[in-house]
Trainee: 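The following block contains the structure, expressed as structure tokens.
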Amino acid sequence: MEKIYAQVIINQFNHSIDKPFNYRIPVCLIKSIQIGQRVIVPFGMGNQKIDAFVINITNFCNITEGKIKDIEQIVEETPLLTKNQIKLACWMRNYYLCTYIEAIQVMIPSGLKIEKREMISLNREILDKTKKQKWSSSFDREFLQYLFHKKTEVELEEIKKRFPVKDLKKQIKRLQQKEYIFIRKDFRTKIKDKEEKYIALSGKYKDKGEYLKEIRKGAYKQKQVLEYLEHFPCNYREFRKKLKVTSSTLKPLLEKNLIKITSKIIFRNPYENKGFKNPSVSLTKEQRFIIDEFRKLANDSSQKILIHGVTGSGKTEIYLNMIEFMLNKKKQSILLVPEISLTPQMIERVMGRFGEQVSILHSGLSNGEKYDQWKKIKQGKSNIVVGARSAIFAPLDKLGLIIIDEEHEITYKSSNNPRYHTIQIAEKRCEIENCHLVLGSATPSMESYYKGKAGKYHLYELKHRVKNIPMPKIELIDMRNELKEGNYSILSNSLKKELYFNLENKQQSILFLNRRGYSTAVSCRQCGYLEKCPHCDVSLTYHFNGKKLICHYCGYSKLAPKICPVCKSKKIKYLGTGTQKVQTIVEKEFPNAKILRMDVDTTRKKGAHQRIINSFKNQEADILIGTQMIAKGLDFPNVTLVGVIIADTSLNLPDYNSAERTFQLMTQVAGRSGRGDLLGKVIVQTYQPNHYSLIHAKNHDYTHFYNDEIAIRKEMLYPPFKEIINIVFSSENEKDLIQQCYEFYMELINHTKKVKKDLQKDIYKPVPSPVSKIKSKYRWHMIIKTSYPNEFKEILRKIYHEYLNKSQMHISIDINPTSIL
DNA sequence: AGCACGCCGACT
DNA sequence: GTCGGCGTGCTC
């Protein structure tokens, strides 16, 4: 008989088991097993049961016959992974140097993770036989008594709480060996389908009166139940609440089959009854043109398109038209947005247009809601998925189009393993599933625009705004002049003047600063002592509320000193400006103005975010002060002034793309001004008013910015001309770390020499990371800038494994990092 | 990771 | 003589 094998990926994160394992498919499972399914297999010398994903089914394998074990069981009938997803995962493993299981895990909702529980129960038979035996220790006696009283099996975690002994596991194992107790391993998923119970008359009799005849005379409560249900068969929980019945009332009714309790799977819908409406609108010439072009292209195989459209040029309407076109071809679409919680308008518009067939996936949903949305997609009930980064993995099987809005946003790059970039995943997915990719942005990333120019993407420009609203006027203020003129305030005279003007005319203003807290550093004027975090290599930020010094990396906090801890001087200096300081200064300057602040500190509570936005939208405040989070997507029609307190914060970052980031940020912040009927104004304060990124932002001139920046990238051998690989080493022991990462470096050089001549000059020596210590771990890093990433990846995977085994340091590899900080 | 196997020191 | 400490190495 033909033997059949399955190749599986073990669901356990470890680099040394990162390969497919072969298992025999037992006869009873041959009919039902499918690629992509989750199975339980015995693994390792102890044959511990573990879940795994089937990635292939074959009729031969070259593993010694005696070694092969049988698959134990199938977890779900429906495969969790499609074949295309498996293909994608394999590609991700190679490209991002992650493990198979890391790549697989980003594709399935976390609620489906399997929880392994150990259930302990007493062997009552043995206990009877040895009743009079004295237990060797008091632990045994107490423990077995505890189990005896429990009657059912008990979860190990619960026992741990009751018996907080160090070697509990060992004790339990010993008792199991003596056969006093049983241990059963139980697998279950964290999240399950939500069920709701309903109660109704059983339908036993046609005539309602017949029901009442069956109950005991004087059973007043039972009668009430029957009469109620005659008119309102309903939700069980609500019913119990309303009629205040207990189970003792219902029990006889159930026994006589007069009533029935049924359960139904409920869809956890976070957008129920929102009633969004969004009819299609007439299009501008530019919009029409792009859509027509897309329709022509879309008949061909996989096409990639980049739309560069100024803010307000109506990209969303184009997306919706493309999705509609796909629907007519019976194809599905994914629409990605940078951070869905910040762009509720997008959800409104898509759901308003397409209704029930839309699924939403983002981090704001509960695990249960996420699972239900995923299930809906999996069952083929969704033709459109709107979501953040991870929605790129949505399990649609008739995918025709992927749209990535605001494609330049860094949120599209994952900061956890696998450190994927959504655009790359999208490109790969389009290749695998033969669908189209559309990228859109007002400030495309250098990489994407370069590809557009080089003809790798079809490039389209939207140069006009839909309502022909003029762009806001941007003014650059040289803060050095302010100092010369004796203005030491963080507010320039022009900004003050404009704020006054807006207050008087009841128009709203936004002040932007990319730094939270009050002061960014605290030091002593006398001896120069600087308050630093004991666990991280950063200065502590002073926070006004609580008068605390806080580390923004690890959260360490302490009270701000009144005197210098070193020289006892009282001359403590607060350096640098954060949003809190801006707030106090603005409050002082404009005592009558109502001010709101929006940053991580004021939005920590659930719903606080939306509350601040709504409050400002309803014009309950005159000035909104905030960080990054007010820069994106928000629409306040009455805002006519945006002030950037210091543009240099992002400009001075020692990162290869800091100019690009600044240009994007300035363009975005500026876009918050003048969205209504009134003309908008933007004031950008800086110490570098001649910097090209600021000048081009001022002129709303993407093209010239691109030309300047791309020239620098070319000269400096940065992306898109070379690929960057960033290898970060971290360890608590600094000495070992330095030594080991140098060893790693040498090893890499040696391997590289063998592969290709001159390749080693792409490797830069390891240096301390810009933040050289985080959470008590020292950090060094090493950069590779190369045109041969594949060659390097192959070598890296080898040495990486080797070093993970033999050294204590942690190694993290980031392919195409968006930041090397 | 988790588990077995193996090779050494401190106990009945 | 044995229990149990952790170092090593493998997992279809």
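Every chain is numbered from 1 and lettered A, B, ... according to where its sequence line falls, protein lines coming before strand lines. Just so you know, these numbers come straight off a predicted model, no measurement behind them.
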Trainee: Just how far, in rounded Å, is C1' of C:dT11 from CG of A:Asp18?
Mentor: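 Going from A:Asp18 (CG) to C:dT11 (C1'), I get 13 Å.
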
Trainee: Does A:Lys793 make a cation-pi contact with A:Tyr95 (under 6.0 Å, within 45 degrees of the axis)?
Mentor: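 So A:Lys793 does make the cation-pi contact.
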
Trainee: What's the closest nucleotide to the side chain of A:Asn14 if the choices are B:dA1, C:dC12, B:dA4?
Mentor: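 Given the options B:dA1, C:dC12, B:dA4, the side chain of A:Asn14 is closest to B:dA1.
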
Trainee: Any base atoms under 4.0 Å from A:Thr64, or only sugar-phosphate, or nothing? Heavy atoms, all strands.
Mentor: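 A:Thr64: no heavy atom of the nucleic acid under 4.0 Å.
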
Trainee: Establish, yes or no, whether the cationic atom of A:Arg93 lies under 6.0 Å from the six-membered ring centre of A:Tyr100 and within 45° of the ring axis.
Mentor: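 Relative to the ring axis of A:Tyr100, which defines the angle, A:Arg93 lies inside both limits.
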
Trainee: A:Lys67 side chain N/O closer than 4.0 Å to the phosphate oxygens (OP1, OP2) of C:dT11?
Mentor: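 Affirmative; the distance criterion is met.
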
Trainee: Write down the distance between CG (A:Asn47) and P (B:dC5), rounded to a whole number of angstrom.
Mentor: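 Going from CG in A:Asn47 over to P in B:dC5 covers 12 Å.
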
Trainee: Could you verify whether a donor N or O on one side chain and an acceptor N or O on the other, from A:Glu369 and A:Gln373, lie under 3.5 Å apart?
Mentor: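 There is no such pair between these side chains.
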
Trainee: Out of curiosity, A:Glu118 CD to A:Glu153 CD, how far, rounded to the nearest 0.5 Å?
Mentor: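 Answer for the CD-CD pair, A:Glu118 versus A:Glu153, is 12.0 Å.
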
Trainee: Identify whether the distance between the nearest side-chain nitrogen and carboxylate oxygen of A:Asp372 and A:Lys370 falls below 4.0 Å.
Mentor: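 Answer for the salt bridge query: no.
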
Trainee: Whole-Å distance between B:dC3 C1' and A:Lys69 NZ?
Mentor: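 About 11 Å, once rounded to whole Å.
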
Trainee: Expressed in angstrom and rounded to an integer, what is the separation of A:Ile50 atom CD1 from B:dC3 atom C1'?
Mentor: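 Atom-to-atom, A:Ile50 to B:dC3, this comes out as 12 Å.
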
Trainee: CD1 of A:Ile17 versus P of B:dC3: gap in Å, rounded?
Mentor: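 Rounded to the whole Å, the gap is 12 Å.
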
Trainee: Just the rounded figure in Å: distance from P of B:dA1 to NE2 of A:His810.
Mentor: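 Answer to the nearest Å: 10 Å.
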
Trainee: Which nucleotide in the set C:dC12, C:dT11, B:dA1 lies at the smallest distance from any side-chain heavy atom of A:Tyr23?
Mentor: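 Looking only at side-chain atoms, A:Tyr23 lies closest to C:dC12.
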
Trainee: Is A:Phe43 touching bases, backbone alone, or none of the nucleic acid, heavy atoms closer than 4.0 Å?
Mentor: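 Base: the residue A:Phe43, judged by heavy atoms under 4.0 Å, touches a nucleobase.
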
Trainee: Is A:Ile63 touching bases, backbone alone, or none of the nucleic acid, heavy atoms closer than 4.0 Å?
Mentor: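 Base, at least one base atom sits under 4.0 Å.
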
Trainee: Rounded to the nearest Å, what distance is computed from the CD1 atom of residue A:Ile40 to the P atom of nucleotide C:dT11?
Mentor: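 Interatomic distance, CD1 of A:Ile40 to P of C:dT11: 21 Å.
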
Trainee: Need one value for A:Gln48: base, sugar-phosphate or nothing, where a base atom within 4.0 Å counts as base even if backbone is also close, heavy atoms only.
Mentor: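 A:Gln48: backbone/sugar contact only, no base atoms under 4.0 Å.
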
Trainee: To the nearest angstrom, how far is A:Met45 atom CE from C:dC10 atom P?
Mentor: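 Spelled out: CE on A:Met45 to P on C:dC10 is 8 Å.
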
